[in-house]
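Inspection log for the structure reproduced underneath, given as structure tokens.
Below, chain A is the first sequence line, B the second, and so on; all start at residue 1.
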Amino acid sequence: MALLLVLLIAILIVGSIYYFAVQWLPVLAAAQPAFSDKHFQLTLLLFGAVFAITHVVLAVVVWRNRDREPGAQPGSMRAEAFWAMAAAALFFGVNAVGTRLPHAPHPAEQVHSVRIEVTGVQFRWYFRYPGPDGNFGRTAAMLVDASEGNPLGIDRSDPAAQDDFLSPTLNVPVGRPVEITLRAHDVIHSLFLPNLRLKQDAVPGMNIPLRFTADRLGSYDIACAELCGLGHYAMNAKLRVLDSGEFSAWLTDGPH
Amino acid sequence: MLSLLRPSMDHKVIGRQYFVLGIIAALTGAFLSLLMRIHIVWPELELPLIGFVKPETYLGYMTIHATLMVFFVVVAVPQSGFGSLLAAKQVRATGSAFPFLNVAGLWLTVLSFAVLVSSFFVAGGASQAGWTQYPPLSALAQAAPGQALGMDLWLISILLFCVAIVLTALNTAFTILWNREMALGDMPLSAWAWVVNSVLVVPAFTILAAAGTMLFADRHLNTSFFLPAELVVNGEVIRNGAGSPLLWQHLFWFFGHPVVYIAILPAMGMVSQIITTFSSREIWSYRGMVVSTFAIGILGFAVWGHHMFTSGMHPMASFAFSSLTMAVAVPSSVKLVNWLATLWHGKIRLASPMLFALGFLSFFITGGLTGPILAQPSLDMYLHDTYFVVAHFHLIMAMAVLFAIFAATYYWFPQLSGGRLMNESLARLHFWLSFVGAYCTFMPMHFLGMAGHPRRYSQLLGSAEYLQRLAPMQMFITISAIVLMAAQAVFLLNLVNSWRSGKLANDNPWQAASPEWMPSHQVAASK
């Protein structure tokens, strides 16, 4: 009876972890992210079961063996190898099932995609759009002057830079692939889009590519996930997923 | 206890001194975390003596909390403290191989501690870049208030610590290997852990010392190991040679991951001794335990990249590192199966050291299982740098090792105090309050992580909108943390009282089988 009760409690614990894990994740707004909610739940369920079973075994053994003669059984290589292999199978298996190796984007997808440059600066995110020409203009550190309205140091003498514009929010069209180039000026930041299940560090000196497709309209939070100084906690912005009409309208007359 | 201030070449005295330093560091670190927990939920509270805590002050508390707990508590106490106290006796050696290295190691560690704590009192305060000290934040004084003199003191403290722990580890390794009066295959598992661990300490802390020196050079000698060509900080253009911020992360984690195993291997060794004593039998498979100790130590140097899945490292490298990380599960489960099988076939006595050893097992399982979740790059893409990670390492590295330290303290108290025992009722009260307090503090952090709460946020006030609904959970964690810390007053009271006037122990109060419990005349006779 006691054993059954313990088992029931264990099942309740695992079940509630599994159930509540789904509740804790923010609304999903991305198509096929590398982080799969399903795989996360599977992992939690399997590992939750291991957690519960080992604790039940521990509790039962400690309770049962409080008053008995100790056995002299020596270890068995076979039993040890069996449990080690079982653990290896579980962990390697889960990892293999969950692995999403990146593939190069299809050329057609690249033509179709929206390009945005995201720059992290203590303690703000800047979103630069290339404008109608589709090309980003040059930037230079010596031109950076936030008080002059040029926080990214865009070189306005470059023809490609003429139509570049900055936005305080990350606006993207629904259903279209987005190609982000991630940069930082001062220290390392990390672009965290919880609803897209996406996180990527922005490292000074590197241009890091990042791709996603948002498939749910709405306004979502963006945070910084890498310690960047005293304002780290307050470094946030909004992601707005617009329908294609709204997005085109915003591109032509919104930001200017 | 005052006699502990006097330098001594005696390894037992050095062990006690490391232990007391560890307690002081743990109390300081715990106090800082209390201030942090209070600031997270009441950011506008004015504290007596301290006043308002600013976000940057919080980051200073956080950096020093982690540095104290990692270096001076979970690494130094099991390895240098209990290693100095017990290793020689466990292998029936009459003394240390290099007592001078041992005593030099201790006092350099004391100096390192003093330098670290002094950084709170300089202009700008203590370093605010976290114990991982990622450049450019750690390399530039312009990047945050504590990154000026406070950061230099942090680096000096860590360099001193690196030298100190290597000196003590050399002594521990040679004491066990040269001075032992028993066959290798008869050594207690804790002695195996100390010798393997000493061999890990040397490369790990040498790498950290080298990386720290490079960072110091970037700060003061115009080198650019970790700084890219151009930076704009606070509107100021800073030109450097073309270095790489990622190089620091590779070097740091090449030290930083092995250090997790450097903390837990001696803890595992000590827990193995305690579990066998209180199961009234030998360990189930001695050979399996020794081989898995080696395997964990070696694999520990091949998994550093799993801290860098979102850093901009190549995704194929991520896959390699995640597979290697999964391999650590194999020797870890050999250990777990061994402990469970020893209990299964044993007669269990639930004295306080055993309760804490079982607590270690529980935290080892709970914290260990979230490792293979975070080690999957696709899942880490979301969970990295959230509270899920904070929950993981506080359970596996902080709570598991801390419970092993408590188990060892109650168990080897006669060796620590010179023949006394701690009060058993207070010890049990300490266990249950700490066990429940620790789970209530750290389990909910998994849920914060799942909800996407990034770590190292000084407050919710002013942070992203989606985090605001998590305030009640943060409040629950703060209250649990206060309970957990209050429980340590029970331990402290018991420790001080028992050290002065605890019950006198006979030669072998727990009926243990290992040589450190044999009276010295029997050791001499058995040679």
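Heavy atoms of A:V203 lying under 4.5 Å from chain B belong exclusively to its side chain. Looking at B:P228, the atoms closer than 4.5 Å to chain A (heavy atoms on both sides) all sit in the side chain, from C-beta outward. Looking at B:M313, neither its backbone nor its side chain comes within 4.5 Å of chain A, counting heavy atoms on both sides. Proximity to chain A (any heavy atom under 4.5 Å) is shown, for B:A242, by neither the backbone nor the side chain. For chain A, the nearby parts of B:I373 are the backbone and the side chain; heavy atoms of each come within less than 4.5 Å. Proximity to chain B is limited to the side chain of A:N236, based on heavy atoms less than 4.5 angstrom apart. At a 4.5 Å heavy-atom cutoff, B:E236 makes no contact with chain A through either its backbone or its side chain. Only the side chain of B:Y134 comes within less than 4.5 Å of a heavy atom in chain A; its backbone stays farther off. Of the two parts of B:I365, only the side chain, counted from C-beta on, holds a non-hydrogen atom closer than 4.5 Å to a non-hydrogen atom of chain A. Proximity to chain A (any heavy atom under 4.5 Å) is shown, for B:A143, by both the backbone and the side chain. Both the backbone and the side chain of B:V233 come within contact range of chain A, each with at least one heavy atom under 4.5 Å from a heavy atom of that chain. Of the atoms belonging to A:V94, heavy atoms from both backbone and side chain fall under 4.5 Å from chain B. Looking at B:R455, only its backbone comes within 4.5 Å of chain A, counting heavy atoms on both sides. The contact between A:V144 and chain B is made entirely by side chain atoms (from C-beta outward), counting heavy-atom distances below 4.5 Å. Contacts between B:S279 and chain A at a heavy-atom distance below 4.5 Å involve the backbone alone (N, CA, C, O). Heavy-atom distances place the side chain of A:F192, and not its backbone, under 4.5 Å from chain B. For a residue to count as touching a neighbouring chain, one of its non-hydrogen atoms must lie under 4.5 Å from one of that chain's; by this rule B:S333 touches chain A with the side chain only.
For chain A, the option among B:P331, B:P55, B:G146 with the highest count of heavy-atom pairs below 4.5 Å is B:P55. Ranked by heavy-atom pairs under 4.5 Å with chain B, the list A:M77, A:K238, A:M142, A:H55 is led by A:H55. Ranked by heavy-atom pairs shorter than 4.5 Å toward chain B, the options A:A34, A:P204, A:A87 are led by A:P204. Per-residue counts of heavy-atom pairs under 4.5 Å with chain B were compared for A:S190, A:A146, A:A223; the largest is that of A:A223. Listed options A:N95, A:V187, A:L230 were ranked by heavy-atom pairs under 4.5 angstrom with chain B; first place goes to A:N95. The candidate from A:C228, A:A88, A:P209, A:S36 with the greatest count of non-hydrogen atom pairs under 4.5 Å with chain B is A:C228. Per-residue counts of heavy-atom pairs under 4.5 Å with chain B were compared for A:V57, A:L58, A:I208; the largest is that of A:L58. Between chain A and the options B:L137, B:T57, B:V330, heavy-atom pairs under 4.5 Å are most frequent for B:L137. Among B:S323, B:G130, B:G243, B:A229, the residue with the largest count of heavy-atom pairs under 4.5 Å with chain A is B:S323. Taking chain A as the reference chain and counting heavy-atom pairs below 4.5 Å, the highest number among B:A144, B:G449, B:A464, B:G452 is found for B:A464. Your options are B:L379, B:D385, B:L470, B:V337, and the one with the most heavy-atom pairs under 4.5 Å with chain A is B:L379. Among B:A375, B:P372, B:S318, the residue with the largest count of heavy-atom pairs under 4.5 Å with chain A is B:P372.
Side-chain atoms of B:H345 do not come within 3.5 Å of backbone N or O of B:T342 as any donor-acceptor pair.
A cation-pi arrangement is present between A:R197 and B:Y382 under the rule of less than 6.0 angstrom and at most 45 degrees off the ring axis.
Residues B:F360 and B:W339 place their aromatic rings such that the two centres sit under 6.0 Å apart. Here B:Y58 and B:Y457 keep their ring centres 6.0 angstrom or further from each other. Taking the centre of each ring, B:F363 and B:Y439 come in below the 6.0 Å mark.
A donor-acceptor contact under 3.5 angstrom links the side chains of B:S285 and A:E80, judged on distance only. Side chain to side chain, A:H232 and A:Q122 fail the donor-acceptor criterion of an N or O pair below 3.5 Å. Using modelled atom types, one finds a donor on one side chain and an acceptor on the other under 3.5 Å when comparing B:Q459 with B:H39. Side-chain atoms of B:T132 and B:R456 include a donor-acceptor pair closer than 3.5 Å. Between the side chains of B:Q128 and B:Q147, no donor-acceptor pair of N or O atoms lies under 3.5 Å. Counted by atom type alone, B:Q474 and B:H453 present one or more donor-acceptor pairs between their side chains at under 3.5 Å. For the residue pair B:K335 and B:S292, a side-chain donor N or O sits within less than 3.5 Å of a side-chain acceptor on the partner.
Environment of CZ in A:R68: crowded, with over 12 heavy atoms of neighbouring residues, nucleotides or ligands closer than 6.0 Å.
Salt bridge status for B:K347 with A:E69: absent, with no side-chain N to carboxylate O gap under 4.0 Å.
Contact detail for B:L358 and B:L343: the closest heavy-atom pair is CD2-CD1, 3.9 Å. The minimum heavy-atom distance linking A:G137 with A:R128 is given by the pair O-NH1, 3.1 Å.
Residues B:Q468 and B:L460 form a side-chain contact, since some pair of their non-hydrogen atoms from C-beta on lies under 4.5 Å apart.
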